Amino acid sequence: MIDLALVRSDPERVRESQRRRGDDVGVVDRILAADTRRRAALTEFERARAEQKSLGRAVAQAHGDLKTELLARTKDLARQVKALQADAEAADAEARDLVMSIGNVVEPGVPAGGADDFVVLRTQGTPRDLAAEGVPVRDHLELGEGLKAIDMERGAKVSGARFYFLTGVGAQLELAILNAAMGAATSQGFSPMITPTLVRPETMRGTGFLGSHADEIYYLDKDGLYLTGTSEVALAGYHTDEILDLSDGPLRYAGWSACYRREAGSAGRDTRGIIRVHQFHKVEIFSYTRAEDAATEHERFLAIQEAMLQALELPYRVIDTAAGDLGSSAARKFDCEAWLPSQERWMELTSTSNCTTFQARRLAIRERGEDGTQPVATVNGTIGTTRWIVALLENHQQADGSVYVPPLLRPYLGGVETLTPVL
RNA sequence: GGAGAGUUGACCGAGCGGCCGAAGGUGACAGUCUUGAAAACUGUUGAGGCGUAACCCGCCUCCGCGGGUUCGAAUCCCGCACUCUCCGCCA
């Protein structure tokens, strides 16, 4: 939820944000109109209510005829107050719905446009020339099957399309990635967390995921619970309705969880292997910071992500996502994309979003300031997922179908330097 | 799944249908005292909103959430969520 005060004081800034996102600009003026109605209705209700209260106090002290007379007046007033309250509540709900309907105000510097209008900030490492090395390019599934690491067929048999088993070294590889990520996060001061993956509607709504992406989310009708697509949801909900003490710096958490995604709009895309699946694991870092420190924290997240990818010796590029491709909560988003040799394209491995005060406003998460409280900012980012297996297998493949293991992961794989095919 | 008890501010905890946004305590902050600290004493200390752009001030809302009764609800009634205890069931 954006700041209503900002809409009032600087509507043009909000209009510009909507324009860059490619969203409805007219909503800004509808918000202003609704807010005017809301305040008028509220003032009227409050005036009537104040009268009712003072009359009520008089009733309590009056006796006899005077009391009877006063009671006659209050009855009518009570009806009036009730009606005015209903008006005020309706006007408030209307204004609130409108404010809730728009995405976060994008940060200055965010490229305008849609999914293809990202800006490449830098490219790190060089994709191998596999042909020159005499390595026949195998994709991650072929490599994974050779290693007996990935079993798609049985995944489909048991659960359907986009499900899989990780077996043997495949399972170990995933645990290695996640453990390395958890280790990196804790050494950077993030508290390790294992989070719930089923959440209440209020939590899902509060984190901004029930907007345009609602179709992406699994819902358990019998229980009224949503399956989360990222531990960001639980980590953001963790401090709902709290006033935090950030005087010792940001609160930093690293959440490990299974993630569930319906992939409703992506039929036919990335159908081979484990690039796009319904269930995977992820380690997510998450910070609650002061609003003025959020951009710095965001850069910090990106640096941690890049350090992970470099330690895994993966060639990648960093993109600054265009406004139209941002989630509703994000004011700015950086993705790291690794090279995918089998498809000769870049594939997203990490994403980090600065949500500024958008989520915190919805979830009522504040900090105590000089005078009163103010909403905090939230920042989130990926530092390890199942999908990283894809990039590792493909980029580190050898001519014989074996796969080089970067040193960071070896401690989790019994010290081996190479994964070799099972014949 | 069944039965019972509970949910009040940062925390503990009292609360009669009518000066109750709520006693008392703890904590925190400030002051007095002290070379300094502790102790003691004194004071301050919830959130959201409207008037209003800001101050002062005034007003409204909030006692788990949502309804209802009433001139008037933290208090009475109904529903829901959550917590705890016991029983049952399953690990």
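To find a chain, count down the sequence lines: A is the first, B the second, and so on, and within it residues start at 1. Quick caveat, the model's predicted, so the values are computed rather than measured.
- In the set B:rG51, B:rG48, B:rC82, the nucleotide with an atom closest to the side chain of A:Thr43 is B:rG51.
- Listed candidates were B:rG72, B:rU69, B:rA53. Nearest to the side chain of A:Ala78 is B:rG72.
- Comparing the P positions of B:rU85 and B:rG17 gives a spacing of 32 Å, expressed to the nearest Å.
- Residue A:Arg49 places at least one side-chain N or O under 4.0 Å from the OP1 or OP2 atom of B:rU61.
- Looking at the side chain of A:Gln52, the nearest of the listed nucleotides B:rG51, B:rC71, B:rG49 is B:rC71.
- Residue A:Arg8 is the one, among A:Gln85 and A:Arg8, whose nearest nucleotide of RNA chain B lies closer to the 5' end (criterion: closest heavy atom).
- To the nearest whole angstrom, the two C1' atoms, one in B:rG2 and one in B:rA74, are 31 Å apart.
- An OP1 or OP2 oxygen of B:rG51 is reached within less than 4.0 angstrom by a side-chain nitrogen or oxygen of A:Arg39.
- Picking from B:rG48, B:rC60, B:rA53 the nucleotide with the shortest atom distance to the side chain of A:Arg366 gives B:rG48.
- Salt bridge present: A:Arg20 and A:Glu16 bring a charged side-chain N and a carboxylate O closer than 4.0 Å.
- Ionic pairing of A:Arg332 and A:Asp320 is present here: one or more N-O contacts between side-chain nitrogen and carboxylate oxygen are shorter than 4.0 angstrom.
- In this structure, of B:rU61, B:rC50, B:rA81, it is B:rU61 that holds the atom nearest to the side chain of A:Lys53.
- Between the C1' atoms of B:rG27 and B:rC33, the separation comes to 22 Å (whole Å).
- For A:Thr373, the side-chain atoms get nearest to B:rA47 when compared with the rest of B:rU69, B:rC71, B:rA47.
- The distance between atom CZ of A:Arg200 and atom P of B:rA81, rounded to the nearest whole Å, is 9 Å.
- Here, B:rC16 and B:rU42 have their C1' atoms 32 Å apart, quoted to the whole Å.
- Ring centroid separation for the pair A:Tyr226 and A:Tyr219 comes in under the 6.0 Å cut-off.
- Considering only the side chain of A:Arg38, B:rG49 comes nearest among B:rA47, B:rA73, B:rG49.
- Base pairing annotation: B:rC50 forms a Watson-Crick or G-U wobble pair with B:rG58, both donor-acceptor distances under 3.5 Å.
- Nucleotide B:rU35 has no partner under the Watson-Crick or G-U criteria, as no pair reaches both atom distances under 3.5 Å.
- A salt bridge links A:Arg317 with A:Glu337; the closest basic N to acidic carboxylate O contact falls under 4.0 Å.
- As the counterpart of B:rA22, no nucleotide is assigned, since no Watson-Crick or G-U wobble pattern has both distances under 3.5 Å.
- Separation of the C1' atoms belonging to B:rC78 and B:rC87 is 28 Å when rounded to the nearest angstrom.
- Remark: the separation of the C1' atoms in B:rG4 and B:rG88 is 15 Å, to the nearest Å.
- Checking B:rG72 for Watson-Crick or G-U wobble geometry (two distances, each under 3.5 Å) identifies no partner in any strand.
- The same atom, P, is picked in B:rA81 and in B:rC20; the two are 36 Å apart, to the nearest Å.
- Ionic pairing of A:Glu12 and A:Arg15 is present here: one or more N-O contacts between side-chain nitrogen and carboxylate oxygen are shorter than 4.0 angstrom.
- B:rC84 and B:rG4 make up a base pair, with Watson-Crick or G-U wobble contacts both under 3.5 Å.
- Pairing for B:rC90 is absent, judged as Watson-Crick or G-U wobble with the two contacts each under 3.5 Å.
- The gap from the P atom of B:rU32 to that of B:rA37 amounts to 11 Å, rounded to the nearest Å.
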